[in-house]
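Have a look at the structure below before the remarks.
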Amino acid sequence: MNANVLFRSFQEKFQLCIEERTTPTLASQIRVEDMCQDEAQKLGPKEDEKEWKMPFFDRDHHLAYTFADLSKCPTYLDASRPWLCYWSVHSLNLLNHTFSHDMKSKIVTFLKTCESPEGGYGGGPGQIPHLAPTYAAVLALATLRCEEALASINRETLANFLRSVHQTDGSYIMHTGGEVDMRGVYCALAVAKLTKILDQSMIENTPEWIISCQTYEGGFGGEPGTEAHGGYTFCAMGALTILGKAKLAEKDSLLKWLSNRQMRFEGGFCGRSNKLVDACYSFWQGAVFRLIDMELEKEEQPTLGLAFDTRALEEYLLICCQDPRGGFRDKPDRPRDLYHTCYGLSGLAVAQSYDESKQLILGGEAACLPPIDPVLNITAESETFASSYFERLLSR
Amino acid sequence: MSEGTEVKSSPFYRDRDDWADITPILPTPEENTIVRIDAGEAFVDAFSYLRAVLQKKEISERCFQLTNDCIQLNAANYTVWQYRRDLLKALGHDLKAELRFIGDIIMENPKNYQVWHHRRTLVEWIGNPGDELDFTAAVFDDEPKNYHGWQHRQWVVRHFHLVGQREIDYTTKLLLEDSYNNSAWNYRYFILQLWEKIDHKETLDIEINFCKQIAGKLTHNESVWNYLAGLLISGGLISRPDVIEWAEKLYSETENRAHYLVSFLLDIEMEKIEEGLDGGLIHVTRAKQFCKELEEIDPVRTNFWRYQQALAENKHEKQILHAQQHP
Ligand SMILES: [Zn+2]
């Protein structure tokens, strides 16, 4: 008996067949398929056993790993410390961890030291404000579901910072003197939307700029003309959804490109055509199906329903991406890290969101994660808390 | 030098006489409540001096040297790079030397946003494309799909109007090495668009032939199918009966059909339904057949193929309604 009987993924008939001669792309694809198959085979019966083991969601180890990594920061992430906070805090929230008052206040205290006098947040204390850590800091604070955290955000200077990096063509630079790309637009609009400071001056020409980045393949690139890419596609569609302009995207080609990103053998998603599967795209690509559905609903058109093979994605994440010591990895031969833990768990939450009864979740009840807001990527509960807090602030 | 008076060479700024006038800004307890930097003394030392001179906005040669050290310690600190650019300008440094410096750093950190942005800014200041095409080619020798590298090359070509046959030939070379390199396909498309040749019949003929050669042998190569469909975006797939005929022939001659090929034929049927060709119904039937086949050969996308099937019917109904209203 082999893995084919139990799983939707890892079917031998869907292994890559080489038609003529091999190329570097094909060689690495074959290598990855083999390592995924090896992971699946590990669940096979040992000597005196008969049954295959079902994949197990290692919640305790994930909690321990995520918690431990919140305390320290490797030097190469010295300019991404709010990101570490967000990846870790959001992961812990998905794992149903309850934050102690002491922990919340440590997080709020630290992030306040990253807030710039000019508004927005830097990658660490004393660093100039940058859209990516600004997004990470605001989302980490929103995740905590506590007023003290939300009250620590200076919305007035934040709005000034966002306006200062908005460009006349509608794009955003990441920081003063910094680069333009799709991350900027999304990060800016996401925090503006959440804290309810979004105004016309922040979105002048922005929908048009975003649309100019949709490529002939259907996905979006980071700048006009660049290759369709999962991360930028999420950012583009997230930003368009915030603007209520998702209708502007060419939906047929987007959906086709997106659907083709799910790997027929591995079950997970890749970021671009003919690239390798990677756990983080479980969220970046998976969430876009949700965003398309939201738009179809708005237009009163038939929705996608079960849009992709959620079971196959769950299999990839649970079988191939869990580090035995806790945390998630890109693929079996890569080391675990907080980034892939955060987006692996978020992708798992997206996949599970299609099963309302929660009866068919791989790994059973123990693997069950709370629903997330697919635009912001915080839990629905945290989103509701933050939204109503800022709502009350406005009506005061 | 007599004993006892030798100049002490210390790795730490805090021990250096030429930095004695600066009070370093060390991390406070609040700044270390969580995600504390897991770094050695040299890291903390250099960055605490950087913070101090940043705060007083000092412009000096020693600050420029300090950014060297900080970049070695963490090349992803955008604040250091931004400060370094301010210093470069104010001190009037040789930009070509800086270009060599950043070239080495990029080769060590090819997937870092800051280093590529630094390079782009330098090239923009210098005002000519220099060896940027060779430089990116060297990056692609190591990693032919490096996103930043392609983004940089696109910018160079657009900024300095370098579009032309040489760039097409470059992608041909890469695609002959690995026709699955989607970045090269995307770049080829970008060049044709920038060159305003994408709608020229002559160009289309050449490009379609190129695709046929590759797709005919490698039907499982998604990149070439996407590129081929991309070429025909403005005219529609049905504007090229020769392409349809070729794809149909490939379909009937292949046994182990790639889903990309069947999906391409499905898209053709979809267009025919939309245009109301042959009354539409025959194409709805064929589209549904393709969807069934796709469900079988490509089950991971079962839901997508079912959605396409419903879409085929939808498009047909819409087309009939439209035809009734606009006889
Ligand atoms: Zn990844």
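Numbers restart at 1 for each chain; the letters A, B, ... are given by sequence-line order, proteins then strands.
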Is there a side-chain contact (heavy atoms from CB on, under 4.5 Å) between A:Asp78 and B:Phe47 once you walk through the steps?
-> CA-CA 10 Å; A:Asp78 175 45; B:Phe47 277 92; 4.1 Å; yes
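- Most heavy-atom pairs under 4.5 Å with chain B, from the set A:Met174, A:Lys112, A:Gln127: that is A:Gln127.
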Chi angles and distances behind the side-chain contact (heavy atoms from CB on, under 4.5 Å) call for A:Arg272, B:Tyr147 | CA-CA 10 Å; A:Arg272 316 179 231 162; B:Tyr147 203 90; 3.8 Å; yes
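- Both the backbone and the side chain of A:Thr25 have a heavy atom closer than 4.5 Å to some heavy atom of chain B.
- Of the two parts of B:Arg85, only the side chain, counted from C-beta on, holds a non-hydrogen atom closer than 4.5 Å to a non-hydrogen atom of chain A.
- For B:Gln154, the part lying near chain A is the side chain, with the backbone staying farther off; criterion is any non-hydrogen pair under 4.5 Å.
- When each of A:Thr109, A:Ile128, A:Asp309 is scored by its heavy-atom pairs under 4.5 Å with chain B, the top score falls to A:Ile128.
- For the residue pair B:Trp305/B:Asp298, the side-chain donor-acceptor check at 3.5 Å is satisfied.
- The contact between B:Ile297 and chain A is made entirely by backbone atoms, counting heavy-atom distances below 4.5 Å.
- In this structure, a donor-acceptor pair under 3.5 Å is absent between the side chains of B:Tyr180 and B:Glu222.
- Checked against the 6.0 Å centroid threshold, A:Tyr316 and A:Phe269 do not count as a close aromatic pair.
- Comparing A:Ala312, A:Gly305, A:Gly178 by how many heavy-atom pairs each has under 4.5 Å with chain B, the most go to A:Gly178.
- Heavy atoms closer than 4.5 Å to chain A are found in the side chain of B:Ile233, but not in its backbone.
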